[in-house]
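For reference, the structure discussed in these notes is given below.
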2 protein chains.
Amino acid sequence: MTKTILVVEDEKDILNLIEWHLRAEEYSVLKAKDGIKGLNLAVEQLPDLIILDLMLPGMDGLQICKALKKNQKTENIPVVMLTAKGEEVDRIVGLELGADDYMVKPFSPRELTLRVRAILKRFDNKSEAPEAVKLKYKDLLIDMDSYRVWIQEKEIALTVTEFKLLQELLQNKGRVRTRDQLLDRVWGYQFDGYARTVDTHIRRLRQKIGEEYADAIETVRGIGYRFKE
Amino acid sequence: MTKTILVVEDEKDILNLIEWHLRAEEYSVLKAKDGIKGLNLAVEQLPDLIILDLMLPGMDGLQICKALKKNQKTENIPVVMLTAKGEEVDRIVGLELGADDYMVKPFSPRELTLRVRAILKRFDNKSEAPEAVKLKYKDLLIDMDSYRVWIQEKEIALTVTEFKLLQELLQNKGRVRTRDQLLDRVWGYQFDGYARTVDTHIRRLRQKIGEEYADAIETVRGIGYRFKE
DNA sequence: CTTGAATTTGACGATTATGTTACGAAATGC
DNA sequence: GCATTTCGTAACATAATCGTCAAATTCAAG
């Protein structure tokens with residue numbers, strides 16, 4: 001679970017400094033001193049994050065970034081761009097080309113590690129979502145990307161609430177979700193409505209998906225609902 | 001079971017406002033007006049949640065947070081950081097240092113109490129979840145996640161009360177539970193029914209799980225019941 | 001073996017949780 | 001800005017579950 005970070009930087013001292021601080025934070029570090037090597041390493045090792053100097057021999061940071069974002073394998077790896085003071089004009093360009101953050105040299109080690117941690121956390125969450133974009137139960141298929149549902153190839157029109165409810169139940173197939181849990185996760189914790197609201201939506205959902213699948217949403221009396229395993 | 005919340009905030013008005021709203025929600029409130037006192041109170045009283053202003057005299061929110069997370073006794077207490085608008089830069093830092101949520105002033109009382117409730121719930125679940133979710137005795141298997149019970153792969157339909165009763169006995173395999181204990185733990189301490197009620201449910205339970213397993217629930221005359229080791 | 005207490009058992013009415021439908025308000029789309 | 005959809009709530013219907021009671025049975029002690 002320890003994260004790997006690729007650092008592409010031609011100035012040896014800075015490279016080592018960064019490496020040292022990242023290792024202190026228990027990250028695994030890969031190093032490259034020019035753009036070509038950096039790009040190759042990135043594709044081979046698929047690190048969890050890439051720190052990229054803007055000015056590089058061989059192939060500069062912008063080009064590498066562009067290349068990374070074009071490659072399906074690497075397009076989702078977050079990139080932090082390092083720029084020297086005075087290169088500020090290029091900031092926007094760098095971000096537009098797909099970099100996810102930047103830092104202006106000189107930066108403090110503390111700033112670096114905080115930034116890295118923050119970005120990794122952000123992308124962790126991101127990558128959790130796309131994990132399962134599609135859920136299935138028998139011939140019922142739901143696509144979390146497009147918020148659509150099919151039963152035997154035929155699309156079923158669900159409202160957003162119904163969709164989320166179905167998704168939440170299906171995602172936890174076999175586990176009972178209490179009404180409170182469902183309210184929290186489908187409606188959001190800021191909603192303070194009645195638990196009966198859940199019932200009503202369960203009812204509508206069941207109606208729309210037809211008897212066979214309606215029965216798959218089991219009522220656990222006194223607790224809540226559960227999608228049949 | 002009423003939760004205690006420590007509020008560390010130097011502005012008297014805000015402190016009282018927060019206190020008032022939390023009390024309205026039946027929380028027990030501790031107050032501190034500077035960081036040092038806050039930290040001491042936290043360690044002494046071990047509240048269930050700490051609301052921490054970022055800007056404080058004596059010792060600022062970040063330092064306190066850091067200190068709390070270093071102390072084994074307090075490291076698992078959730079912290080909500082309060083930041084004034086414009087201090088947003090510190091958000092990440094605050095969260096990185098272990099705060100579990102933050103709120104930007106000014107916030108509405110409603111937002112506060114909802115947030116508090118959500119966080120407490122989240123942490124409640126955390127400490128409950130890692131418990132064993134499955135119990136076994138011979139070919140009898142119970143799954144606390146789905147509230148289901150099987151005997152030799154065949155599912156047995158139990159009501160929630162029966163399920164909890166079985167679970168309670170099985171969890172304390174070999175130990176005798178008095179009827180009063182069972183009433184407390186299965187029905188809840190607020191229930192004031194007769195001990196005979198337990199008998200009836202034991203009866204129904206025994207009936208449903210079949211002779212072999214019925215016999216595993218032993219009657220300890222004059223005391224209560226015990227699940228055979 | 002007798003006896004009283006404890007437990008088992010079955011029945012029943014009460015209670016409670018959920019299903020169902022309807023309706024007005026809010027959100028959404030055109 | 002109007003028409004339509006979607007939502008949350010309430011009210012009622014239905015069904016599952018419960019707690020209590022009382023009679024039957026078992027148990028243990030003498």
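Order of the sequence lines fixes the chain letters, A, B, ..., with proteins taken first and strands second; residue numbering starts at 1 for each chain.
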For nucleotides 12-17 of chain D, list the nitrogen or oxygen atoms of the protein found under 3.5 Å from its nitrogen or oxygen atoms, one pair per line.
none

Item to check | Nucleotide C:dT16, atom C1' - distance to OH of A:Tyr194 in whole Å | outcome: 18 Å
Checklist entry - Can you tell me how far P of D:dT6 sits from CG of A:Leu165, to the nearest Å? => result 15 Å
Next on the checklist: Surrounding CZ of B:Arg185 (heavy atoms of other residues, nucleotides or ligands, distance under 6.0 Å), is the total greater than 12?
Outcome noted: no
Checklist entry - Are more than 12 heavy atoms from other residues, nucleotides or ligands located less than 6.0 Å from atom CD of A:Glu211? => result no
Pick out the pairs of N or O atoms, protein on one side and nucleotides 28-30 of chain C on the other, that lie under 3.5 Å.
none

Checklist entry - Taking everything shown except B:Glu153 itself, do over 12 heavy atoms lie less than 6.0 Å from its CD? => result no
Item to check | Phosphate-side-chain proximity, B:Thr219 and C:dT8, N/O vs OP1/OP2 below 4.0 Å | outcome: yes
Review item, side-chain donor-acceptor pairs of residues 155-163 of chain B, under 3.5 Å, at least two apart:
{"unit_1": "B:Glu155", "atom_1": "OE1", "unit_2": "B:Arg148", "atom_2": "NH1", "d": "3.2"}
{"unit_1": "B:Thr159", "atom_1": "OG1", "unit_2": "B:Glu162", "atom_2": "N", "d": "3.4"}
{"unit_1": "B:Thr159", "atom_1": "OG1", "unit_2": "B:Glu162", "atom_2": "OE1", "d": "3.4"}
{"unit_1": "B:Glu162", "atom_1": "OE1", "unit_2": "B:Thr159", "atom_2": "N", "d": "2.9"}
{"unit_1": "B:Glu162", "atom_1": "OE1", "unit_2": "B:Lys208", "atom_2": "NZ", "d": "2.9"}

Checklist entry - So which pairs with a foot in residues 219-229 of chain B pass salt bridge (Lys or Arg N to Asp or Glu O under 4.0 Å), sequence neighbours left out? => result B:Glu218-B:Arg226
Checklist outcome for this item: Rounded to whole Å, CG of A:Leu183 lies from C1' of D:dC7 at a distance of 13 Å
Checklist entry - Quick one: is B:Trp187 getting a side-chain N or O under 4.0 Å of the D:dG19 phosphate, OP1 or OP2? => result yes
Checklist entry - Rounded to whole angstrom units, what separation is found between the CD atom of A:Gln207 and the P atom of D:dC7? => result 14 Å
Item to check | Atom NZ of B:Lys173: over 12 foreign heavy atoms under 6.0 Å | outcome: yes
Checklist entry - Whole-Å distance between C:dG19 C1' and A:Asp215 CG? => result 14 Å
Item to check | Separation of atom CG in A:Asp199 from atom P in C:dT20, rounded to whole Å | outcome: 11 Å
Checklist entry - At under 4.0 Å between heavy atoms, what does A:Val220 touch on the DNA or RNA strands: base, sugar-phosphate, or nothing? => result sugar-phosphate
Item to check | Summary of salt bridge (Lys or Arg N to Asp or Glu O under 4.0 Å) pairs that have at least one residue in residues 13-22 of chain B, sequence neighbours excluded | outcome: B:Glu19-B:Arg23, B:Glu19-B:Lys31
Next on the checklist: Whether B:Tyr225 contacts C:dT8 is assessed here as follows: a side-chain N or O lying under 4.0 Å from the phosphate OP1 or OP2. Is that the case?
Outcome noted: yes
Next on the checklist: Around atom CH2 of B:Trp150, are there more than 12 heavy atoms from other residues, nucleotides or ligands closer than 6.0 Å?
Outcome noted: yes
Checklist outcome for this item: The side-chain contact (heavy atoms from CB on, under 4.5 Å) partners of A:Thr178 (sequence neighbours excluded) come to A:Asp180, A:Gln181, A:Ile223
Checklist entry - For the pair made of CZ in A:Arg203 and C1' in D:dT6, what is the distance, rounded to whole Å? => result 16 Å
Item to check | Whole-Å distance separating the CD1 atom of A:Ile202 from the P atom of C:dA17 | outcome: 17 Å
